[in-house]
Amino acid sequence: MIEFFFDCSSPWTYLAFHNIQPLAREVGAEIIWRPILVGGIFNTVNPSVYAQRETPVPLKARYMKKDLADWSRSAGLAIKMPPTVFPVNSVKAMRGCIWLGQETVPFATAVFEAYWGEDKDISQDSVLAEICRKVGVDEQKFFAGISGQGIKDELKANTEEVVARGGFGSPTIFVGKTDMYFGNDRLPLIREALLRGKASAA
């Protein structure tokens, strides 16, 4: 089993979200999608992210831009970095992912595409309504659903849980509850962990 804690406001999460699905199919692993708010994690345990944005290291920033472009090309994804609105308030989108449960993949994919590929502000109701129509979700039910206290509480609980389990950003990925990995570039290690688990269970 793979637990995938994610926030659509991260380009590296977009890559991992895209790349982990064929990996899971290859090894026969189930993905449990766990939406979070990465800003809540940064505020709690990783405020250095904000300092890095305010005073970036030019050489590192230049390389990170190239690195993201390389990964995007490898995955066949269009990613504009930074988008016009960055960082973005993704709370409604992530509540939507909670509301949709394990059926969230088409919606989350469309959110990633809208924000990173089409440079649309996913904090806006009009953009989320357009995404709902695109993936066949009733927009009125969507906005009513994400306003429920239970949905808000679950998103907050997921965010607190990933911090309690050692996470510090998005994506945070667990194999078998305790084996934690961070970032898109750890997927080869996740694949090996899953294959080891299958071999030991055989």
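Predicted model, so just to flag it, every value in this text is computed and none were measured.
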Start with the C-alpha gap between R95 and E154, add the side-chain angles, then the distance that decides, and say whether salt bridge (Lys or Arg N to Asp or Glu O under 4.0 Å) holds.
-> CA-CA 9 Å; R95 286 177 186 166; E154 187 173 344; over 6 Å; no
Do the side chains of K92 and D125 get nearer than 4.5 Å, heavy atoms only?
-> yes
Step-by-step salt bridge (Lys or Arg N to Asp or Glu O under 4.0 Å) determination, R191 to E26 = CA-CA 9 Å; R191 181 179 182 276; E26 175 196 347; 2.5 Å; yes
With under 30° as parallel and over 60° as perpendicular, where do the rings of F6 and W33 fit, or are they tilted in between?
-> perpendicular
For D153 and K156, run side chain to side chain contact (heavy atoms under 4.5 Å, CB included): C-alpha distance rounded to whole Å, both residues' side-chain angles, the deciding distance at 0.1 Å, then the answer.
-> CA-CA 5 Å; D153 291 345; K156 184 173 184 285; 5.6 Å; no
Side chain to side chain, M1 and K177, heavy atoms closer than 4.5 Å = yes
Is a side-chain N or O of D7 found less than 3.5 angstrom from the main chain of V38, in a donor-acceptor match?
-> yes
pair I173-F182: side-chain heavy atoms closer than 4.5 Å = no
For this output row, return yes or no: ring centroids of F107 and F142 closer than 6.0 angstrom.
-> yes
Value for CH2 (W116) from OG (S72), rounded to nearest 0.5 Å, stands at 9.5 Å
Verify, without hydrogens or angle tests, whether D179 (side chain) and V175 (backbone) share a donor-acceptor contact under 3.5 angstrom.
-> no
Using a strict 4.0 Å threshold on nitrogen-to-oxygen distance, state whether E113 and K134 make a salt bridge.
-> yes
To the nearest 0.5 Å, what is the distance between OG1 (T178) and CE (M180)?
-> 11.0 Å
Whether S10 side chain and T13 backbone form a donor-acceptor pair below 3.5 Å = yes
Given Y115 and V127, is the side chain to side chain contact (heavy atoms under 4.5 Å, CB included) satisfied, shown in steps?
-> CA-CA 9 Å; Y115 184 51; V127 174; over 6 Å; no
Sub-4.5 Å side-chain heavy-atom contact between L23 and L194 = yes
Identify the heavy atoms of L155 and V91 that sit nearest to each other, and give their distance.
-> CD2-O, 4.0 Å
Do T84 and D121 come within less than 4.5 Å of each other through their side chains, counting heavy atoms only?
-> no
Would you say V162 and F168 make side-chain contact, with heavy atoms under 4.5 Å?
-> no
Between P35 and N158, what is the shortest heavy-atom contact and its length?
-> O-ND2, 2.9 Å
More than 12 non-hydrogen atoms from neighbouring residues, nucleotides or ligands closer than 6.0 Å to NZ on K60, yes or no?
-> no
C8 versus F112, closest heavy-atom pair with distance = CA-CE2, 3.3 Å
Check for a donor-acceptor pair, side chain of S74 on one end and backbone N or O of D70 on the other, with a separation under 3.5 Å.
-> no
Could you give the distance from CD1 (I98) to CZ (R34), rounded to the nearest 0.5 Å?
-> 8.0 Å
Point-to-point distance, once rounded to the nearest 0.5 Å, from CZ of F86 to NZ of K80 = 12.0 Å
OG/S9 to CG/N89 distance, rounded to the nearest 0.5 angstrom?
-> 9.0 Å
Give a yes or no on whether Q149 atom CD has more than 12 heavy-atom contacts from other residues, nucleotides or ligands under 6.0 Å away.
-> yes
Would a hydrophobic clustering, with Ile, Leu, Val, Met, Phe, Trp and Tyr connected at side-chain separations under 4.5 Å, put F17 with I41?
-> no
Test item: H18 side-chain N/O and A75 main-chain N/O as donor-acceptor pair under 3.5 Å = yes
With R165 as the cation and F174 as the aromatic partner, state whether NZ or CZ is under 6.0 Å from the six-membered ring centre and within 45° of the axis.
-> yes
Any donor-acceptor pair under 3.5 Å from T44 side chain to G40 backbone = yes
Kindly indicate whether the side chain of F4, heavy atoms from C-beta on, has any atom under 4.5 Å from the side chain of T172.
-> no
Give a yes or no on whether the backbone of T109 and the side-chain of Y14 come within a donor-acceptor separation of less than 3.5 Å.
-> no
With side chains defined as the heavy atoms from C-beta onward, is the minimum distance between M81 and P83 less than 4.5 Å?
-> yes
Taking the side chain from D67 and the backbone from Y63, do they hold a donor-acceptor pair closer than 3.5 Å?
-> no
Begin from the C-alpha positions of E30 and R25 and carry the test salt bridge (Lys or Arg N to Asp or Glu O under 4.0 Å) through to its verdict.
-> CA-CA 8 Å; E30 179 187 7; R25 287 192 293 269; over 6 Å; no
Shortest non-hydrogen contact from Y181 toward A193 = OH-CB, 3.4 Å
Considering all heavy atoms of both residues, which atom of I32 and which atom of Q102 are nearest to each other, and what is their separation?
-> CA-NE2, 3.8 Å
With side chain to side chain contact (heavy atoms under 4.5 Å, CB included) as the test, would you mind laying out the steps for E139 and I131 before giving the verdict?
-> CA-CA 9 Å; E139 60 192 90; I131 290 169; over 6 Å; no
Look at atom CD of E103 and say whether more than 12 heavy atoms of other residues, nucleotides or ligands are closer to it than 6.0 Å.
-> no
Correct closest heavy-atom pair for V163 and V45 would be CG1-CG1, 3.6 Å
How far does OG of S170 sit from CD1 of I36, to the nearest 0.5 angstrom?
-> 4.5 Å
Please check if L37 and F5 belong to a single hydrophobic cluster, counting links between Ile, Leu, Val, Met, Phe, Trp and Tyr side chain heavy atoms closer than 4.5 Å.
-> no
